[in-house]
Asker: 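So that we are looking at the same thing, I have put the structure below in structure tokens.
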Amino acid sequence: MKRIGVLTSGGDAPGMNAAIRAVVRKALYEDMEVYGVNYGFAGLVAGDIRKLTRRDVGDMIQRGGTFLYSARYPQFATEEGQLKGIEQLKRFGIEGLVVIGGDGSYRGAYALTKHGFPCVGVPGTIDNDIAGTDYTIGFDTTINTVLEALDRIRDTATSHIRTFVIEVMGRDAGDIALWAGVASGAEQIIIPEKDFDITEVAENIRRGREKGKKHSIIVLAEGVMDGQEFAEKLDSIDNFHVRVTVLGHVQRGGSPTARDRVLASQFGAKAVEVLKDGRGGVCIGLDNEKFVEREIIDTLDNLEHKPNLDLYKLNEEISN
Ligand code: ATP
């Protein structure tokens, strides 16, 4: 393959720029050309495509978001949209495509591959909720951003002897809550993968206070319920005067951590190697610190993402 494309799709994640940079630089190193597609699959269908040079990705590795922009474009689930996308790629002489995004984006990449156009998936989402890889690009930066907020809230919680519920992102997966919770020493972590009993949560807070604990921090994944609702349930059991902080979109942006930049660089370069071999329909992942290639369809339909629940147990053992 001599000419490839790259796009970012779904929610943006810190490190996407580092991944695009790696795709461009590695491809140039391999004497291939790279075209950038703006606005994900929406831009692909519209033909919003341009050649990327080495300089276009200069001064990019440290920037959050994605300079190729991203979009949600449900129409890409139709065959009509997919064939139009391939037509646009061919118009530019592009022979393979790197798709950086979450599992929705992987569906798009798989659809193109099924129509005979080779695509490689690179996991980029802050939620870490893609099956077949231990980590996704953006997750490390996000948990560090959440951690910084949790540390600040802890100062206030301690000064006023308060209970705080901090709602973090994670609609389907509790990874952000789990990692940031353990890293911050949160008293309790509430995630979609683990049932909880609100009366036990209340009992833990009471026991903590009896032991002389100055604060109680509960990290709640948004997929379980909203923070305000959770706080009201707690306050209805006992008058804890629970305070709620919803971190929202501050969790998404920011300069990527070293780990995300390195991971993104490695993933991006691996994706180019796959296309250089003329292969497609695979996605890159990390399995126990080793890079792996998996069939995209296997990742989507047969594998399941599971957070590291050892961390949940560990937190119960050491944070109360
Ligand atoms: P995040 O995890 O950050 O939400 P994502 O990649 O899962 O990222 P989605 O919005 O689900 O985000 O998907 C991104 C885009 O991928 C969609 O807007 C659409 O263009 C394309 N896409 C999603 N599902 C399909 C599908 N079944 N077939 C083809 N394309 C799809």
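By convention here, the first residue in the shown sequence is residue 1. Read the numbers this way: they start at 1 and go in the same order the structure lists the ligands and their atoms.
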Asker: Answer with side chain, backbone, both or neither: which part of Asp103 has a heavy atom less than 4.0 angstrom from an atom of ligand 1?
Answerer: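 Both parts.
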Asker: Near Ser9, which atoms of ligand 1 are under 4.0 Å from a heavy atom of that residue?
Answerer: 14 (C), 15 (C), 16 (O)
Asker: Starting from atom 26 (C) of ligand 1, which protein heavy atom do you reach first, and at what distance in Å?
Answerer: Arg107 CB, 3.4 Å
Asker: Ligand 1 and Ser105, any nitrogen or oxygen pair closer than 3.5 angstrom?
Answerer: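 Among all N and O atoms of Ser105, at least one is under 3.5 Å from an N or O of ligand 1.
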Asker: Looking only at side-chain N and O atoms, does Asn144 offer a donor or acceptor that is under 3.5 Å from a partner on Thr257?
Answerer: no
Asker: Test your reading of the structure: does Asp129 have an N or O sitting under 3.5 Å from an N or O of ligand 1?
Answerer: no
Asker: Going by the angle between their ring planes, with limits at 30° and 60°, are Tyr69 and Tyr39 parallel, tilted or perpendicular?
Answerer: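 Tyr69 vs Tyr39 ring planes: parallel.
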Asker: Name the closest protein heavy atom to atom 28 (N) of ligand 1, giving the residue it belongs to and the distance to 0.1 Å.
Answerer: Ala77 CA, 3.5 Å
Asker: With salt bridge (Lys or Arg N to Asp or Glu O under 4.0 Å) as the criterion, how do Glu80 and Lys84 come out once you've worked through the C-alpha distance, each side chain's angles and the decisive distance to 0.1 Å?
Answerer: CA-CA 6 Å; Glu80 191 194 344; Lys84 179 75 188 162; over 6 Å; no
Asker: Among all protein non-hydrogen atoms, which one is nearest to atom 29 (C) of ligand 1, and what is the separation to 0.1 Å?
Answerer: Phe76 O, 3.3 Å
Asker: Within the structure, does Gly104 bring an N/O atom to less than 3.5 angstrom of an N/O atom in ligand 1?
Answerer: yes
Asker: Please say yes or no: joined through hydrophobic side-chain contacts below 4.5 Å, possibly via intermediate residues, are Trp179 and Leu286 part of one cluster?
Answerer: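 Linked, Trp179 and Leu286 end up in one cluster.
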Asker: Quick one: nearest non-hydrogen protein atom to atom 2 (O) of ligand 1, plus distance?
Answerer: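 Going atom by atom, the protein heavy atom closest to atom 2 (O) of ligand 1 ends up being Thr125 OG1, 3.3 Å.
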Asker: Any nitrogen or oxygen of Gly10 lying under 3.5 Å from a nitrogen or oxygen in ligand 1? Just yes or no.
Answerer: no
Asker: If hydrophobic clusters are built by linking Ile, Leu, Val, Met, Phe, Trp and Tyr wherever their side-chain heavy atoms come under 4.5 Å apart, do Phe240 and Leu220 end up in the same one?
Answerer: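 In one cluster: yes.
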Asker: Please indicate whether any nitrogen or oxygen in Asp127 is less than 3.5 Å from any nitrogen or oxygen in ligand 1.
Answerer: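 Between Asp127 and ligand 1 (N or O atoms, distance only) the closest approach is not under 3.5 Å.
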Asker: Name the closest protein heavy atom to atom 30 (N) of ligand 1, giving the residue it belongs to and the distance to 0.1 Å.
Answerer: Gly108 CA, 3.3 Å
Asker: As an exercise, identify every atom of ligand 1 less than 4.0 angstrom from a heavy atom of Gly11.
Answerer: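 Counting atoms of ligand 1 from 1, those under 4.0 Å from Gly11 are 1 (P), 3 (O), 8 (O).
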Asker: Does any donor atom in the side chain of Thr133 or Arg294 lie under 3.5 Å from an acceptor atom in the other side chain?
Answerer: no
Asker: Nearest to atom 17 (C) of ligand 1, what protein heavy atom do you find, and at what distance?
Answerer: Tyr73 N, 3.7 Å
Asker: Once rounded to the nearest 0.5 Å, what's the spacing between atom OG of Ser184 and atom CG of Asn315?
Answerer: 7.5 Å
Asker: Measure the spacing between CZ of Arg3 and NZ of Lys51 and express it to the nearest 0.5 Å.
Answerer: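 That separation rounds to 6.5 Å.
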Asker: Any idea which protein heavy atom is nearest atom 9 (P) of ligand 1, and the distance to it?
Answerer: Arg72 NH1, 3.5 Å
Asker: What's the separation between atom OG1 in Thr156 and atom CZ in Arg152, rounded to the nearest 0.5 Å?
Answerer: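 Answer rounded to 0.5 Å: 10.5 Å.
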Asker: What part of Phe41, side chain from CB on, backbone N/CA/C/O, both or neither, has a heavy atom under 4.0 Å from ligand 1?
Answerer: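 The part of Phe41 near ligand 1 is the side chain, not the backbone.
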Asker: Short question: side chain of Thr142, backbone of Gln251 - any donor-acceptor pair under 3.5 Å?
Answerer: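 Indeed, once roles are kept as given, a pair shorter than 3.5 Å links the two residues.
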